[in-house]
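These notes are about the structure you will find just below.
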Amino acid sequence: MTPYSLAFYLDVVTHGTVLGASPSAGPDRVTEALGPDYAENCPNASQKWRDYGLTEFFWQRAALDEPWTGHHFTLQVHRLAHGGNVVGDRLRSRYGRFDRRLRFDKLRRLLERRGTPLVEVPELPVQAAHYRLYWQPASQVSIRVIRAHGKYATPDSLRIGDVYHILAPMTPGEVEWHRSRTR
């Protein structure tokens, strides 16, 4: 058994879901998976997201009378470095204690043992000096990793090689767009 939170990250990167909730899941399905303890943000009538601390889910809709459609989720791994209870009860009860940092090399090694390889994707020029970007094609999950520290560009609480965030989905079209922007 993989200790603590590593099993959670392996599950997310391998399957592209959080406790079974996919990026396209509706708000009710996400609440069923993660629970009712969240902050909801609605910047306008066509977008909203729920912040569960570590996990954020995002939705959009074309009109007020249309249902919310899942857009993406992000695991804000960098928030763990500050301590506090950002994990949430459902994740903690299933996976146990979460470390304050997630080392990318360890995560990558465990994913490879599982047969879940990662591909490096060129980071956008504005991010390239400070971050590296990796992608899992089958699950369409991306992982952003600290490459170098930069004032106002990276959190002081993270080390080089720490995971900053995990996001899904990153489609093949987005990967190609990243590649085209760095040629």
Report the C-alpha separation of M170 and L133 in whole Å, then their side-chain angles, then the decisive distance to 0.1 Å, and conclude whether the side-chain contact (heavy atoms from CB on, under 4.5 Å) test is met. CA-CA 11 Å; M170 180 181 212; L133 187 61; 3.5 Å; yes

Stepwise side-chain contact (heavy atoms from CB on, under 4.5 Å) test for V87 and R97: CA-CA 9 Å; V87 173; R97 183 177 65 84; over 6 Å; no

Quick check: does any side chain N or O of D162 sit under 3.5 Å from a backbone N or O of R159, one acting as donor and the other as acceptor? yes

List the steps and the verdict of side chain to side chain donor-acceptor pair (under 3.5 Å) for R114 and T14. CA-CA 9 Å; R114 231 185 213 204; T14 300; 3.2 Å; yes

K106 side chain reached by R109 side chain, heavy atoms, under 4.5 Å: yes

F98 and L91: which non-hydrogen atoms are nearest, and at how many Å? CE1-O, 4.1 Å

With rounding to the nearest 0.5 angstrom, report the CD1 to CD1 distance, I160 to I146. 8.5 Å

Could you go through the side-chain contact (heavy atoms from CB on, under 4.5 Å) check for L124 and W177 one step at a time? CA-CA 10 Å; L124 298 175; W177 183 80; 3.6 Å; yes

Side-chain heavy atoms of Q140 within contact of P23, under 4.5 Å: no

Heavy-atom pair with the smallest gap, counting every atom of D99 and S5: N-OG, 3.6 Å

Please name the pair of heavy atoms, one in H71 and one in P169, separated by the smallest distance, quoted to 0.1 Å. O-CD, 3.4 Å

Are any non-hydrogen side-chain atoms of Y134 and V119 less than 4.5 angstrom apart? no

Could you tell me whether E56 and R79 make a salt bridge, using a distance below 4.0 angstrom between a side-chain N and a carboxylate O? yes

Short question: side chain of E174, backbone of T171 - any donor-acceptor pair under 3.5 Å? yes

Please find the pair of heavy atoms, one from L19 and one from A33, that lie closest to each other, and give the distance. CD1-O, 3.4 Å

Quick check: are there more than 12 heavy atoms from other residues, nucleotides or ligands sitting under 6.0 Å from CZ of R179? yes

Derivation and outcome, side chain to side chain donor-acceptor pair (under 3.5 Å), residues R92 and N85: CA-CA 10 Å; R92 192 174 306 284; N85 185 22; 3.1 Å; yes

Would a hydrophobic clustering, with Ile, Leu, Val, Met, Phe, Trp and Tyr connected at side-chain separations under 4.5 Å, put V77 with L118? yes

Okay, side chain of Y9, backbone of I166: is any donor-acceptor separation there less than 3.5 Å? no

Among the clusters formed by ILVMFWY side chains lying less than 4.5 Å apart, do F104 and V13 turn up in the same one? yes

Shared ILVMFWY cluster between F58 and I143, side chains joined below 4.5 angstrom? no

Evaluate the side-chain proximity of Y52 to V30: yes if any heavy-atom separation is below 4.5 Å, no if none is. yes

Honestly curious: do W135 and V12 fall in one hydrophobic cluster under the side-chain, below-4.5 Å linking rule? no

Please check if atom CG in D37 has more than 12 non-hydrogen atoms from other residues, nucleotides or ligands closer than 6.0 Å. no

What is the minimum heavy-atom distance between H149 and D156, and which atoms define it? CE1-O, 4.5 Å

With a 4.5 Å cut-off on side-chain heavy atoms, are L102 and L6 touching? yes

Quick one: does R108's side chain have a donor or acceptor within less than 3.5 Å of a partner on P117's backbone? no

Verdict with supporting geometry, R101 and S157, side chain to side chain donor-acceptor pair (under 3.5 Å): CA-CA 9 Å; R101 290 179 183 83; S157 57; 5.9 Å; no

Inter-residue atom distance Q47.CD - Q60.CD, 0.5 Å rounding: 7.0 Å

Which word best sums up how the rings of H78 and Y164 line up, parallel for under 30°, tilted for 30 to 60°, or perpendicular for over 60°? parallel

Identify the two heavy atoms, one from T116 and one from Q136, that lie closest to each other, and give their separation to 0.1 Å. CG2-CG, 3.4 Å

Between Y38 and F57, is the gap from one ring center to the other below 6.0 Å? no

Is any side-chain N of the basic residue among E123 and R147 closer than 4.0 Å to the acidic one's carboxylate O? no

Flag side-chain contact, heavy atom, 4.5 Å: W49 against P27: no

Applying side-chain contact (heavy atoms from CB on, under 4.5 Å) to R132 and R144, what does each step give before you reach the verdict? CA-CA 6 Å; R132 295 179 82 170; R144 184 162 275 132; over 6 Å; no

Please check if V141 and F8 belong to a single hydrophobic cluster, counting links between Ile, Leu, Val, Met, Phe, Trp and Tyr side chain heavy atoms closer than 4.5 Å. yes

Give a yes or no on whether the backbone of A25 and the side-chain of W59 come within a donor-acceptor separation of less than 3.5 Å. yes

Evaluation steps, salt bridge (charged side-chain N to carboxylate O under 4.0 Å, His left out), between R29 and E32: CA-CA 5 Å; R29 172 66 186 103; E32 178 185 307; 3.5 Å; yes

Distance col, row L167:CG vs T74:OG1, nearest 0.5 angstrom, shows 4.0 Å

Hey, does the side chain of H165 reach the backbone of Q76 with a donor-acceptor pair shorter than 3.5 angstrom? no

To the nearest 0.5 Å, tell me how far L158 CG sits from R103 CZ. 9.5 Å

